Amino acid sequence: MSIEDADWPALDRRHVWHPYSAIDSPLPTYPVVSAQGVRLRLADGRELIDGMSSWWCAIHGYNHPEMNRALKEQIDTLAHVMFGGLTHEPAVALATRLVELTPDSLETVFFADSGSVAVEVALKMAIQYWQAKGQPGKQRFVTVRNGYHGDTFGAMSVCDPVNGMHASFSGALVQQYFAETPSCSFGAPCNAKEMNSLRTLLVEHHSHIAALILEPVVQGAGGMRFYSADYVKKARELCDEYGVLLILDEIATGFGRTGRLFACEHAGIAPDILCLGKALTGGYLSLAATLSSANIAHTIGQGKPGLFMHGPTFMANPMACTAGLTSLRLLLESPWQERVTDIAQRLESGLAPCRAYDHVADVRVLGAIGVVELNRPVDMITVQPRFVDAGVWIRPFGKLVYLMPPFIINERDLETLTSAVIDVVSEM
Ligand SMILES: *Cc1c(COP(=O)(O)O)cnc(C)c1O
């Protein structure tokens, strides 16, 4: 089928679900036919500068020659094979690389096909670890408000209970423990009072709690909030004090977005379990990974049933692993730190004029993430076409208009993005 054959968008409206959307939604959905560098090309020939990196993923931009070459070679060698009882070089090489790059204590890698599943795997690992240690009562989780960890049931249960999906599914979700959202800002220390909510929950419920799960430093889809690395450090100490594992969800923050390769580096701590996804394959294919310490892996192996009970059909898909290896090589060979620092400075100066508007509650930047928070929800029906008319792809949610461009974006294109945000926000 080509665009000429039929009314593409009408068929899309009738048959195809989109994320957080309704069939027959009045919101426009734009057909993309190709992409190159930081530009998406629409079916009508218009080009949009991508301010979203396809939801944190496309850090090297689109249609990258080296990514394409590596994947073409891999498809002619081994596109897929089951991972039960079999292994292959792309998986072993990527796992080894991830173990090298992440904190020292992380030794083992479980590959899954999406971030949500990587979170499910992390939660299950934590429960199986305590079971193997003879503490089967530790099956619940503690987290902080405003978090987002994915859309599957276990992951949903640790998303923010108000702005997450709890309202629709409360009867079907396990009740977890929610500490207040961290109130200490990025760069500032966290005092005992600011840790109190988390400490209290751990004091009272640690015998039922398997792990604390946190997005370190940046809370993504739960509100694009930045908070103190000192909170993460002190949370690590509390976990050790109360015999609770620490799971860090770096699915959004991993691979340089916050200015460090992994956001836990801001806090100088290591989790017991680490979830990675999104930018792992540079936006080419769906892949996620759950890393754990050797202690957790070996304890699970020595307990009952002696196996870790999870195994996705497409586990460690060789194409996806090759994309991950190539993306990591491109990232580490590039001056990504300077690029992210430069993007941060330009986002800061480019978005600063938004602070002048009464309907803007906050403007904040951390690494290659720029956020304009309004004091009311964005009217997507008018705003989305305005951004497209301005030649940019920016997808607000709730009260948030935000940018997280590919790291390869140049000064001019970034300026076009920030100017479009100012223009559209000023008209709201
Ligand atoms: C996107 C995201 C997830 C879920 O990943 P999917 O690949 O969409 O399932 C989980 N945690 C965080 C922090 C995320 O940003």
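Note that the structure is predicted; figures quoted are calculated from it, not measured. Along the sequence shown, residues carry numbers from 1. Side chains are part of it too, since the values below use all heavy atoms of this structure and drop only hydrogens, waters and symmetry mates. Order of appearance sets the numbers: ligands from 1, and atoms from 1 within every ligand.
Side-chain contact check for D151 and Y20: at least one donor-acceptor pair (N or O, by modelled atom type) lies under 3.5 Å. For the residue pair Y62 and D50, a side-chain donor N or O sits within less than 3.5 Å of a side-chain acceptor on the partner. Using modelled atom types and a 3.5 Å distance limit, the side chains of T253 and R260 yield no donor-acceptor pair. Donor-acceptor pairing under 3.5 Å is recorded for the side chains of D379 and T382.
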Expected rows: ligand 1 N/O, protein N/O, dist below 3.5 Å:
unit_1, atom_1, unit_2, atom_2, d
ligand 1, 5 (O), S116, N, 3.4
ligand 1, 7 (O), G115, N, 2.8
ligand 1, 9 (O), G115, N, 3.4
ligand 1, 9 (O), S116, N, 2.7
ligand 1, 9 (O), S116, OG, 2.6
ligand 1, 11 (N), D249, OD1, 3.4
ligand 1, 11 (N), D249, OD2, 2.7
ligand 1, 15 (O), K278, NZ, 2.6

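Between E373 and K399 there is no salt bridge, since no side-chain N of the basic residue sits under 4.0 Å from a carboxylate O of the acidic one.
Considering all non-hydrogen atoms of both residues, G303 and A132 come closest at CA-CB, 3.6 Å.
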